[in-house]
Every structure is written in structure tokens, then in C-alpha cells.
Amino acid sequence: NLEFRNIDSSTDVLSFPLNEPGVLEKSPDGKVYLGNIVINKERATQQAQMYGHSEEREVGFLTAHSMLHLLGYDHMTENEEKEMFSRQEAILEKMGLKR
């Protein structure tokens with residue numbers, strides 16, 4: 001977190017996009033690679049306990065959240081947050097990862 005975001009504290013997840021926000025490029029094999037996601041398992045376990053849900057749900061949440069960032073979504077404004085978090089919850093619901 002310090003190296004990539006200049007924040008001197010641990011974080012639950014970091015995402016590293018391969019492309020510019022909103023740009024999806026196909027590789028020679030026809031697949032679209034968005035980037036990489038690194039989840040801090042220890043922090044995810046702590047957060048699951050803190051929020052009173054399963055580790056599976058917490059890791060699912062962190063994955064969905066990061067995937068949406070890799071797809072160009074953000075939550076810097078109230079409208080962006082509303083849209084991103086709505087999509088996040090829809091993904092988790094579809095996966096059966098309820099609170």
C-alpha cells in the first residue's frame with residue numbers, strides 16, 4: 001500500500017489495471033485481461049469477523065469491488081458510489097454471497 005498508493009498502512013485489496021480506465025483490449029488469443037487483484041487474506045478474515053459475515057462473502061466483496069475498479073468504476077462522487085455499490089451488491093447477490 002505504501003509503495004503503490006503512498007499510504008503507510010495495510011489495506012484489504014489492491015487492484016492493478018493493465019489498461020487505461022474504460023479501455024478493454026483483446027489479447028492475441030481473443031481474451032480481455034483487465035489486470036491483477038491482490039487480496040490481503042489476513043485483513044479479509046479480520047473484516048469478515050468485524051462485519052459478522054463469512055470470509056467467503058468478504059473475499060467475494062473485495063473481488064467484486066476490485067473488478068469494478070478494473071472495469072473503470074469508481075466511488076469518488078455520490079453518484080459514482082451509488083452506481084458502483086449497486087452493481088457490487090447485485091454481483092454478490094447473484095453469487096449467493098449475502099450478508
Side-chain angles (χ1 to χ4, degrees):
N1 204 24
L2 179 60
E3 181 179 345
F4 295 104
R5 296 179 61 220
N6 204 28
I7 298 173
D8 193 12
S9 64
S10 67
T11 189
D12 50 7
V13 65
L14 290 171
S15 52
F16 301 94
L18 290 177
N19 303 304
E20 294 299 316
V23 176
L24 299 178
E25 296 180 14
K26 286 188 179 179
S27 67
D29 63 5
K31 296 179 182 175
V32 176
Y33 295 94
L34 300 175
N36 295 304
I37 296 171
V38 179
I39 295 174
N40 179 338
K41 179 76 165 73
E42 184 178 310
R43 185 79 180 262
T45 299
Q46 292 169 350
Q47 289 176 177
Q49 292 170 352
M50 185 171 66
Y51 296 128
H53 54 240
S54 69
E55 286 182 45
E56 182 181 29
R57 200 264 182 208
E58 185 64 21
V59 170
F61 166 81
L62 296 172
T63 302
H65 187 86
S66 294
M67 289 292 295
L68 288 168
H69 276 306
L70 292 176
L71 288 166
Y73 291 91
D74 211 337
H75 46 87
M76 298 302 287
T77 69
E78 189 176 327
N79 285 339
E80 288 175 341
E81 181 177 304
K82 188 175 183 179
E83 181 177 3
M84 184 174 176
F85 288 15
S86 172
R87 289 181 182 272
Q88 212 167 256
E89 287 305 315
I91 291 166
L92 294 170
E93 173 112 1
K94 192 168 189 174
M95 294 179 67
L97 296 173
K98 299 176 184 179
R99 288 182 187 227

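What you see below is based on every heavy atom in this structure, not just the backbone, and it leaves out hydrogens, waters and symmetry mates.
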Please set out all donor-acceptor pairs under 3.5 angstrom arising from side-chain atoms of residues 6-13, sequence neighbours excluded.
residue: Ser10; atom: OG; partner: Arg43; partner atom: NH1; Å: 3.1
residue: Asp12; atom: OD2; partner: Gln47; partner atom: NE2; Å: 3.2

Quiz item: Listed by chain and number, what are the side-chain contact (heavy atoms from CB on, under 4.5 Å) partners of Leu97, not counting sequence neighbours?
Solution: Glu56, Arg57, Leu92, Met95

Practice problem: Could you pull out all residues at least two apart from Asp29 that satisfy side-chain contact (heavy atoms from CB on, under 4.5 Å)? | Solution: Ser27, Lys31, Tyr33

Exercise. Measure the spacing between CG of Leu62 and CD of Gln88 and express it to the nearest 0.5 Å.
Key: 9.0 Å

Self-check item: Residues which pass side-chain contact (heavy atoms from CB on, under 4.5 Å) with Glu78, listed by chain and number, not counting sequence neighbours
Solution: none

Practice problem: State, to 0.1 Å, how close Ile39 and Ala44 come at their nearest heavy-atom pair, and which atoms those are. | Solution: CG2-CB, 4.4 Å

Quiz item: Where is the tightest heavy-atom contact between Arg87 and Leu68, given as atom of each residue plus distance?
Solution: CB-CD1, 4.1 Å

Self-check item: Linked hydrophobic residues, Val38 as query - side chain contacts closer than 4.5 Å
Solution: Phe4, Leu14, Phe16

Quiz item: Is the shortest heavy-atom distance from the side chain of Phe85 to the side chain of His65 under 4.5 Å?
Solution: yes

Quiz item: How long is the gap from CD on Glu81 to OH on Tyr73, to the nearest 0.5 Å?
Solution: 15.0 Å

Exercise. Quick one: closest heavy-atom pair of Ser15 and Pro17, and the distance?
Key: O-CD, 3.7 Å

Exercise. Compare all side-chain heavy atoms of Asn19 with those of Leu70 and state whether any distance is below 4.5 angstrom.
Key: no

Self-check item: Close side-chain approach of Glu25 to Val32, heavy-atom, < 4.5 Å
Solution: no

Quiz prompt | Rounded distance (nearest 0.5 Å) linking atom NE2 of His69 with atom CG of Leu34 | solution = 13.5 Å

Quiz item: Are there more than 12 heavy atoms of other residues, nucleotides or ligands under 6.0 Å from atom CE of Met76?
Solution: no

Quiz item: Which residues pass the side-chain contact (heavy atoms from CB on, under 4.5 Å) test with Ala48, sequence neighbours left out?
Solution: His53, Glu55, Glu58

